[in-house]
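Let me begin by presenting the structure, written as structure tokens, before commenting on it.
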Amino acid sequence: MATQIHLSKDAAAVAEDFTRYFLEQLAGKTHFTVALSGGSTPQLLFKLWATTYRDQINWSAVHFFWGDERCVAPDHADSNYGVTRALLLDHVPIPASQVHRIHGEADPAQEAVRYAQVIRAHTQQVDGHPAFDLVLLGMGDDGHTASIFPDRLELLQDEHLTAVATHPQSGQQRISITGPIINGAQRVAFLVTGAGKHEKVSAILGREAGYQAFPAAHIQPATGELHWFLDVAAWGKP
Ligand code: 6PG
């Protein structure tokens with residue numbers, strides 16, 4: 001399926017434009033599984049969902065997962081779940097049973113196994129594998145996505161749903177979903193903003209020399225939709 005590029009004037013507009021897409025996809029659904037991205041980019045989105053769109057989202061249908069998590073406690077400043085809880089979960093009526101956090105405080109190898117079981121239990125099967133309805137992804141300025149870093153490209157083909165990864169600079173351990181489950185999703189949406197991402201966005205979307213060194217370049221759903229929601233700064237072209 002062709003990659004769909006959505007260009008917005010700034011980060012706030014990206015959050016609005018993606019929310020309109022999200023509402024369209026959620027309409028009429030009673031069970032919609034979403035793997036959230038971490039980092040800073042989605043924080044504007046979480047705030048928007050907790051305020052402007054709070055009453056327009058059918059929270060009873062939404063199941064939240066995470067595409068990756070730092071191996072820290074949920075109340076640690078680095079916790080992707082902790083940030084989502086503070087900005088979104090504490091402000092909307094999503095049932096706690098529909099929030100499937102990764103236990104960053106647990107033993108990483110054991111948690112990767114447990115989380116994979118949770119994913120299997122709460123997602124639909126498509127072509128014999130678990131398929132999220134929507135995977136939200138960010139992209140690092142090194143072209144990583146989720147916690148699949150350039151030094152671990154093999155995670156793009158990993159036979160397991162989840163893996164333990166290590167941030168190449170900080171050494172921080174992460175739990176991440178792997179390439180096959182991302183590419184097995186019904187919908188994958190990158191949200192990438194800011195001039196710092198332009199070089200990699202241009203290389204990946206333009207298939208420039210060496211682009212395949214960047215994990216985000218290998219995200220191409222087998223049968224699902226692929227969307228890049230970008231602001232002008234990340235897109236970089238007039
Ligand atoms: C994480 C993310 C990671 C993130 C990118 C972009 O846990 O850090 O899942 O993949 O999406 O690093 O991060 P920013 O949005 O902060 O630029």
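Both ligands and their constituent atoms are indexed starting at 1 by order of listing. These figures come from a predicted structure and were not determined experimentally.
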Return the residue, atom name and 0.1 Å-rounded distance of the protein heavy atom closest to [atom].
atom                    : value
atom 2 (C) of ligand 1  : Asp68 OD2, 3.5 Å
atom 8 (O) of ligand 1  : Arg70 NH2, 2.8 Å
atom 17 (O) of ligand 1 : Lys197 NZ, 2.7 Å
atom 12 (O) of ligand 1 : His144 NE2, 2.8 Å

Q) Do any pairs count as a ring-ring contact (aromatic ring centres under 6.0 Å, His included) and have a residue in residues 149-190, sequence neighbours left out, and if so which ones? A)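 ring-ring contact (aromatic ring centres under 6.0 Å, His included) check on residues 149-190 returns His144-Phe149, Phe149-His167, Phe190-Trp228.
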Q: With sequence neighbours left out, write down each residue that passes ring-ring contact (aromatic ring centres under 6.0 Å, His included) with His103, or none if nothing qualifies.
A: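 Not a single residue meets the ring-ring contact (aromatic ring centres under 6.0 Å, His included) criterion with His103.
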Quiz question: by atom type and distance under 3.5 Å, do the side chains of [X] and [Y] form a donor-acceptor pair?
X      : Y      : value
Glu225 : Tyr21  : yes
Ser202 : Glu208 : yes
Asp133 : Thr33  : yes
Asp68  : Ser147 : yes

(Q) Within the structure, is a non-hydrogen atom of Glu69 found at a distance of less than 4.0 Å from ligand 1? (A)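 No, that is not the case, since the closest heavy atom of the residue is not under 4.0 Å from the ligand.
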Q. Among Leu36, Thr41, Val83, which one has a heavy atom closest to atom 15 (O) of ligand 1?
A.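 The residue whose heavy atom sits nearest atom 15 (O) of ligand 1 is Thr41.
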Q: Give the single entry among Gly140, Gly138, Ala146 that approaches atom 10 (O) of ligand 1 most closely by any heavy atom.
A: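 The nearest heavy atom belongs to Ala146.
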Q: Mind checking whether Asp141 contacts ligand 1 via backbone (N, CA, C, O), side chain (CB onward), both or neither, at a 4.0 Å heavy-atom cut-off?
A: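 It is neither; nothing of Asp141 touches ligand 1.
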Q. For ligand 1, is there an N or O atom under 3.5 Å from any N or O atom of Leu137?
A. no
Q. N/O of Ser40 under 3.5 Å from N/O of ligand 1, yes or no?
A.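 So ligand 1 has an N or O lying under 3.5 Å from an N or O of Ser40.
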Q. For the atom pair CG (Asp158) and CD1 (Ile177), what is the distance rounded to the nearest 0.5 Å?
A. 12.0 Å
